[in-house]
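If you read the sequence from its start, that first residue is 1, and numbering goes on from there. Side-chain atoms are counted along with the backbone in the values below, which use heavy atoms only and exclude waters and symmetry mates.
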Amino acid sequence: KTGAVGKLYFNQDGTYTASAMDAKGQPVSYGGAWTLKDSGATICLAPKLPPNSPGSAPSCSPLMKHNVGDSWTVTNDQGETFDISMTAGH
């Protein structure tokens, strides 16, 4: 955990957009594709970033049902842990 904050907006067509701050505190926006596997128990994200950029590798995380206002912690298959909050929007 780095304390960095990012937002992901998921679209029904299997794409997403993300916004975050880079290591220098500059805003970064990028897109990517998401897929479900394991009968919907896992979500995989494939960001569209330049090769070898931090965060450019695809990753998968467990997916469970949550409601707007819920917060939880998740660790992906790369060993990265994130604090997640679901907010209304998009």
Side-chain angles (χ1 to χ4, degrees):
K1 296 184 204 181
T2 65
V5 175
K7 294 181 180 182
L8 286 89
Y9 298 97
F10 293 90
N11 303 308
Q12 289 182 330
D13 67 359
T15 63
Y16 70 92
T17 56
S19 61
M21 296 293 213
D22 67 14
K24 297 177 184 175
Q26 300 298 312
V28 176
S29 295
Y30 59 92
W34 64 268
T35 57
L36 297 178
K37 66 180 195 176
D38 304 325
S39 300
T42 303
I43 186 168
C44 297
L45 304 180
K48 292 181 181 172
L49 294 169
N52 301 320
S53 307
S56 64
S59 65
C60 297
S61 302
L63 183 64
M64 293 180 276
K65 183 176 179 172
H66 292 278
N67 296 307
V68 171
D70 288 353
S71 294
W72 65 98
T73 299
V74 67
T75 300
N76 67 19
D77 61 354
Q78 306 293 313
E80 301 166 313
T81 300
F82 299 92
D83 293 323
I84 309 292
S85 296
M86 185 179 292
T87 58
H90 190 56

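Sorted by first and then second residue, the ring pair (Phe, Tyr, Trp, His ring centres under 6.0 Å) pairs with a member in residues 43-68 read His66-Trp72; sequence neighbours excluded. Within the structure, every pair that satisfies the disulfide (SG to SG under 2.5 Å) test and touches residues 5-65, not counting sequence neighbours, is listed here: Cys44-Cys60. For residues 37-60, there are no ring pair (Phe, Tyr, Trp, His ring centres under 6.0 Å) pairs, not counting sequence neighbours. Listed by first and then second residue, the side chain to side chain donor-acceptor pair (under 3.5 Å) pairs involving residues 27-40 are Asp38-Thr42 (not counting sequence neighbours).
Scanning both residues, Val68 and Ala88, for their nearest heavy atoms gives CG1-N, 3.7 Å. Residues Ala18 and Leu8 share a closest heavy-atom pair of CB-CG, 4.1 Å. Listed here is the closest heavy atom pair of Ser59 and Gln78: CB-CG, 3.8 Å.
For the side-chain hydrogen bond (donor to acceptor under 3.5 Å, both in side chains) test, no residue two or more places apart in sequence or in another chain qualifies with Asn67. With sequence neighbours left out, Gln12 forms a side-chain contact (heavy atoms from CB on, under 4.5 Å) with no residue at all. For Glu80, the side-chain hydrogen bond (donor to acceptor under 3.5 Å, both in side chains) partners at least two apart in sequence or on another chain are Asn76. Evaluation of the side-chain contact (heavy atoms from CB on, under 4.5 Å) rule for Lys7 yields Tyr9, Ser19 as partners, not counting sequence neighbours. For Leu63, the side-chain contact (heavy atoms from CB on, under 4.5 Å) test picks out Leu36, Ile43, with sequence neighbours left out. Residues meeting the side-chain hydrogen bond (donor to acceptor under 3.5 Å, both in side chains) test with Thr87, sequence neighbours left out: none.
Between the side chain of Asn11 and the main chain of Asp13, no donor-acceptor pair closer than 3.5 Å is present.
Atoms OG and CG, from Ser61 and Asp77 in turn, are 7.0 Å apart once rounded to the nearest 0.5 Å.
The shortest side-chain heavy-atom distance between Ser71 and Asp83 does not fall under the 4.5 Å cut-off.
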